[in-house]
Amino acid sequence: MNIILFGPPGSGKGTQSKFIADFYHLKLISLGYILRKYYFKNHKIRKKLSFGNLISNTIITNIVKDYIINNNTKNGYLFDGFPRNIIQAKSLNFININYVIELYMCNNMILSRLLGRRIHLNSGRIYHVLYKPPHLYGVDDITGEKLVSRDDDTNISVIKKRLSIYYYELIGLRFYYKQFFNKKKTNGYYRINAENNIDYVKNNIFKILG
């Protein structure tokens, strides 16, 4: 089973993707985690993200394809935050996509979630100062290492730019995947309101996947 999970930044994709991958024993391909690793280690990519710019389709698709090649699995893949546009979606034509799940929420809540988000860089674990605080302020629960914030999570104008790009490309993605499942004569595209609590979103996802 191969699943695509996408939604705006701060919608809880990372949290839900771990639930799904663990329960269904899928190989998780988290674009957010990949970019966070590059963000803090690659100056050019860090500069792009800091200003709300996206990394080129060529770089992104090569990263994902290399990961798939080096992490072969029989159970299937869960794509978290990828693809982000039609070009990236077409790069997955060699994989049979069974479900596409879109998380959605209002912009005010997105801003609230992003401004309070904290990250443990090495593991990709995500916290929030209000909704999911660490046991000890500012440090990871497991390692005790310092939590960090991305510059593009703390700049409101950058966040709005990211959202603008996301919504623009979402129109094309919706059309592409609805056409994709229409041709297969199956219902595979679903939307879930991510403003609800974590368990509500998780339970609705699991009902869809069965």
Side-chain angles (χ1 to χ4, degrees), residues 3-43 45-46 48-50 52 54-55 60 63-64 66-68 70-71 73 75-84 101-105 109-155 158-159 162-163 166 192 194-206 209:
I3 305 166
I4 292 172
L5 178 68
F6 60 75
S11 60
K13 296 188 302 296
T15 299
Q16 296 299 332
S17 65
K18 290 177 182 177
F19 290 147
I20 300 168
D22 290 344
F23 187 82
Y24 292 97
H25 307 291
L26 303 176
K27 179 66 67 174
L28 175 60
I29 299 180
S30 171
L31 187 58
Y33 176 67
I34 292 172
L35 290 183
R36 281 192 291 273
K37 297 290 283 187
Y38 274 79
Y39 172 77
F40 284 101
K41 293 183 178 181
N42 185 303
H43 175 72
I45 291 179
R46 177 173 181 169
K48 276 181 174 288
L49 292 176
S50 296
L54 297 181
I55 310 304
I60 292 297
I63 288 173
V64 172
D66 285 345
Y67 189 91
I68 292 173
N70 293 316
N71 292 272
T73 176
N75 294 328
Y77 297 94
L78 171 61
F79 297 91
D80 167 13
F82 180 92
R84 290 184 171 175
I101 299 174
E102 175 196 339
L103 304 181
Y104 67 92
M105 64 194 315
M109 184 168 285
I110 292 172
L111 286 171
S112 173
R113 287 192 179 183
L114 289 182
L115 292 172
R117 186 160 67 176
R118 302 293 182 269
I119 301 165
H120 179 243
L121 180 59
N122 289 329
S123 68
R125 282 185 288 275
I126 298 175
Y127 300 84
H128 192 280
V129 295
L130 296 178
Y131 307 124
K132 190 184 176 183
H135 297 316
L136 185 62
Y137 180 80
V139 298
D140 178 57
D141 288 345
I142 297 176
T143 66
E145 295 172 339
K146 184 178 179 181
L147 300 177
V148 297
S149 298
R150 279 172 44 172
D151 293 343
D152 57 335
D153 279 351
T154 58
N155 186 316
V158 170
I159 292 173
R162 291 164 64 193
L163 288 175
Y166 170 78
I192 297 176
E195 294 179 14
N196 294 287
N197 63 53
I198 292 174
D199 288 337
Y200 174 91
V201 176
K202 178 178 72 173
N203 291 337
N204 275 270
I205 292 174
F206 284 6
L209 301 179

To the nearest 0.5 angstrom, please state how far the OH atom of Tyr131 sits from the OG1 atom of Thr15.
13.0 Å
Over all atoms of both residues, closest heavy-atom pair of Pro134 and Gly138:
CG-N, 3.9 Å
Report yes if the side chains of Ile142 and Ser123 come closer than 4.5 Å at any heavy-atom pair, otherwise no.
no
Rounding to 0.5 Å, atoms CZ (Arg118) and NZ (Lys146) come to a distance of 10.5 Å
What I'd like to find out is whether the side chain of Leu78 reaches to under 4.5 Å of the side chain of Phe19, using heavy atoms alone.
no
Rounded distance [0.5 Å steps], CE in Met105 versus CG in Leu111:
10.0 Å
To check you understand the geometry: which heavy-atom pair defines the closest contact between His120 and Thr143, and what is its length?
NE2-OG1, 3.2 Å
Residue from Ser11, Ser149, Pro9 passing side chain to side chain contact (heavy atoms under 4.5 Å, CB included) with Leu114:
Pro9
Please find the pair of heavy atoms, one from Leu26 and one from Asn75, that lie closest to each other, and give the distance.
CD2-O, 3.3 Å
Hey, would you say the Tyr24 and Phe206 ring centroids sit under 6.0 Å apart?
yes
Does the side chain of Asp80 come within less than 4.5 Å of Ile20's, by heavy atoms?
no
For the residue pair Leu115 and Ile159, what are the closest heavy atoms and their distance?
CD2-CD1, 4.1 Å
Just how far is it from atom CZ of Arg125 to atom CD of Glu145, taken to the nearest 0.5 Å?
8.5 Å
How far does NZ of Lys13 sit from CD of Glu102, to the nearest 0.5 angstrom?
11.0 Å
Side chains of Ile198 and Gln16, heavy atoms from C-beta outward: is any pair under 4.5 Å?
yes
Rounded to the nearest 0.5 angstrom, the NE2-CD1 distance for His128 and Ile119 is 11.5 Å
What are the two closest non-hydrogen atoms of Leu28 and Ala21, and how far apart are they?
CB-CB, 4.0 Å
Of the non-hydrogen atoms in Asn71 and Tyr77, which two are nearest, and what is the gap between them?
O-OH, 3.1 Å
Is there a side-chain contact between Asp141 and Tyr127, using heavy atoms and a 4.5 Å cut-off?
yes
